[in-house]
Each structure stands twice: as structure tokens, then as C-alpha cells.
Amino acid sequence: DAGVTQSPTHLIKTRGQQVTLRCSPKSGHDTVSWYQQALGQGPQFIFQYYEEEERQRGNFPDRFSGHQFPNYSSELNVNALLLGDSALYLCASSFWPSSTGELFFGEGSRLTVL
Amino acid sequence: LAKTTQPISMDSYEGQEVNITCSHNNIATNDYITWYQQFPSQGPRFIIQGYKTKVTNEVASLFIPADRKSSTLSLPRVSLSDTAVYYCLVGERGFKTIFGAGTRLFVKA
């Protein structure tokens, strides 16, 4: 049973570029959440997708957008990259509704913006 | 969302019991208390969740007093591999899960 998978694992971009990160949820899960984790900080909630719609959003600018596909996989897009966007981007999957709220995380995509 | 406060870091030795306390004074009626563990360069992993009193599973225990304004994660007989960051989260189950800064536990030989 595959867990949450994310790609790419590492990538380097320059300021102003755009990036797309991908996530496949754990088998059977239908909800995907995205988090940004800067070095030494806790994960910060970006948004959550269910039934191909954004259901909840954290305090992130519109440069951060997402998409969920019919197979429940998801993409995170970040436009006009800033140096401060350098972080580990984590995808987490779960059920909707979740009886426990337990999130299953992938190993993340490490983005470096130069 | 209830704000949580937990120690920034803790040190322990192998074989000891470790207790990490989290303060959440404005916890709401529908809120649950959840703990996650995170190793470097990995995503967080769910450890345990509770609403009140005591919850125990194969890796940890969670103690919640009657007023629910704090909680304590107890790790029995820690090993070097328990060195990680531990996050205390408070919120409604299924609602957006908000992480704080966590507690960095360092287990020494």
C-alpha cells in the first residue's frame, strides 16, 4: 500500500520563476492538504483540497494556487517565486470527513529559490 | 483555533521516560489534542490523539486533565531514535490542522 508520494524531491529555481509540485495521496484517501515548512519552523498550512475544490486556506498570497484531479492527486503551483519561498513543501492526505483528522504526510519537495 | 505553548527543546537520556507538556488555555469544546513527531527531512507522523483523561497506544500516552487546558505526551523508555521534533496541535478533527514550532527532543546515550 503506497503512502503519500511527492515529486520532485528537490528542485532549484530562480526568483520570478514558477514551480509546480505534485502529490499522490495514500491509497483510499480523497483529501489533500499542502504545507510549507521553512528551516527550523513548524509546517504552515497552505490549503486543502477535496472533490477538486479548495476547501480551506491558510494565510498565503494568491501566488500559491492548487489543483486536485479526479484521481485525488494534487498539484501546488507557486508563481513569481521569491527567495522566501525556499522551503520544504509537504503534502498530506486524509479522508473526508475524517473521524480522527489524522494526516499522512509525504517526505516533501525541497525548493530552493536563488 | 486554540493557541498552544510547548517547550522549545528538551534533553533526555536513553531509557528514561520523557514528558512533554503543552499548554492550550483557550481550547474549545469541539477541539481534540493531537501530537505529531517529525524527523529531519521527513513529513510529520501522527503519534496520538485524545479528548480527555488518558489515551495510550503502542508508542506513547497522552494525559489530559479535567479542565483540558494542558496536556502531556509521555514517551516511555526513549531511545536515540526518538530524537525528533514533537508538535502539539489543538483543533476540531478534520478542520485545518495548524502546527506550532514544536519541541525539539534530543536523546543522548
Side-chain angles (χ1 to χ4, degrees), chain A residues 3-7 9-10 21 23-26 29-51 54-60 66 76 87-112, chain B residues 1-9 20 22 24 27-28 30-52 55 57-60 62 64 71 73 83-106:
Chain A
V4 178
T5 58
Q6 294 187 242
S7 64
T9 55
H10 295 83
L21 308 177
C23 172
S24 292
K26 180 179 168 65
H29 285 179
D30 54 13
T31 302
V32 173
S33 300
W34 286 92
Y35 288 81
Q36 178 196 66
Q37 186 172 28
L39 203 59
Q41 306 293 319
Q44 301 297 305
F45 176 77
I46 303 175
F47 42 53
Q48 179 190 64
Y49 275 84
Y50 169 68
E51 289 189 329
E54 183 182 293
R55 299 292 178 160
Q56 301 177 72
R57 189 177 182 94
N59 188 27
F60 278 80
L76 165 65
L88 180 68
Y89 287 85
L90 294 162
C91 170
S93 72
S94 59
F95 295 108
W96 184 291
S98 172
S99 60
T100 66
E102 179 179 351
L103 298 175
F104 291 79
F105 283 84
E107 300 215 335
S109 295
R110 184 163 297 283
L111 170 65
T112 301
Chain B
L1 296 169
K3 177 177 166 53
T4 61
T5 302
Q6 52 184 124
I8 295 173
S9 64
I20 305 174
C22 179
H24 29 81
I27 188 169
N30 293 333
D31 288 345
Y32 281 72
I33 300 154
T34 309
W35 287 80
Y36 281 80
Q37 174 193 56
Q38 185 177 27
F39 298 112
S41 297
Q42 293 186 22
R45 181 177 72 98
F46 176 95
I47 301 175
I48 198 166
Q49 184 181 78
Y51 185 80
K52 60 181 179 181
V55 180
N57 62 22
E58 64 275 10
V59 298
L62 178 59
I64 306 169
S71 59
L73 175 72
T83 293
V85 179
Y86 293 82
Y87 295 96
C88 167
L89 292 77
V90 172
E92 290 187 49
R93 294 189 300 191
F95 197 61
K96 55 185 176 182
T97 301
I98 304 299
F99 289 78
T103 296
R104 281 162 175 71
L105 172 65
F106 185 68

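Each chain gets a letter, A, B and so on, in the order the sequences are listed, and its residues count up from 1. For clarity, every value in this text was computed on a predicted model and none was experimentally measured.
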Residue Gln44(A) versus chain B: region with a heavy atom under 4.5 Å: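 Just the side chain, heavy atoms under 4.5 Å.
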Proximal component of Gln41(A), with respect to chain B [non-hydrogen, under 4.5 Å]: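 Interface part for Gln41(A): backbone (N, CA, C, O).
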Winner by heavy-atom pair count (cut-off under 4.5 Å) against chain A, out of Arg45(B), Gln38(B), Gln42(B):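 Among the listed options, the one with the most contacts to chain A is Gln38(B).
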Residue, of Pro40(B), Ala101(B), Gly43(B), that accumulates the most heavy atom pairs under 4.5 Å with chain A: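 Most heavy-atom pairs under 4.5 Å with chain A: Gly43(B).
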Inter-residue atom distance Glu102(A).CD - Ile47(B).CD1, 0.5 Å rounding: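 Here the rounded value is 11.0 Å.
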Nearest-0.5 Å distance, CZ of residue Phe99(B) to CZ of residue Phe45(A):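 One finds 11.0 Å between CZ of Phe99(B) and CZ of Phe45(A).
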Which of Arg55(A), Gln37(A), Glu107(A), Arg57(A) touches chain B most, by non-hydrogen pairs under 4.5 Å: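 Highest number of pairs under 4.5 Å: Gln37(A).
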Residue, of Gly108(A), Gly106(A), Pro43(A), that accumulates the most heavy atom pairs under 4.5 Å with chain B: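 Option with the greatest count: Pro43(A).
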Any donor-acceptor pair under 3.5 Å from Tyr36(B) side chain to Leu103(A) backbone: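 Flag set: sc Tyr36(B) to bb Leu103(A) pair under 3.5 Å.
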Arg110(A) (side chain) donor-acceptor with Ser41(B) (main chain) under 3.5 angstrom: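 No; zero donor-acceptor contacts below 3.5 Å.
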Which atoms of Tyr32(B) approach chain A - backbone, side chain, both or neither, heavy atom under 4.5 Å: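 No part of it gets close to chain A.
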Asn59(A) atom CG: more than 12 heavy-atom contacts under 6.0 Å: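 For Asn59(A), atom CG is not crowded (no more than 12 foreign heavy atoms under 6.0 Å).
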Close side-chain approach of Tyr35(A) and Pro44(B), heavy atoms under 4.5 Å: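 With C-beta onward as the side chain, the pair stays apart.
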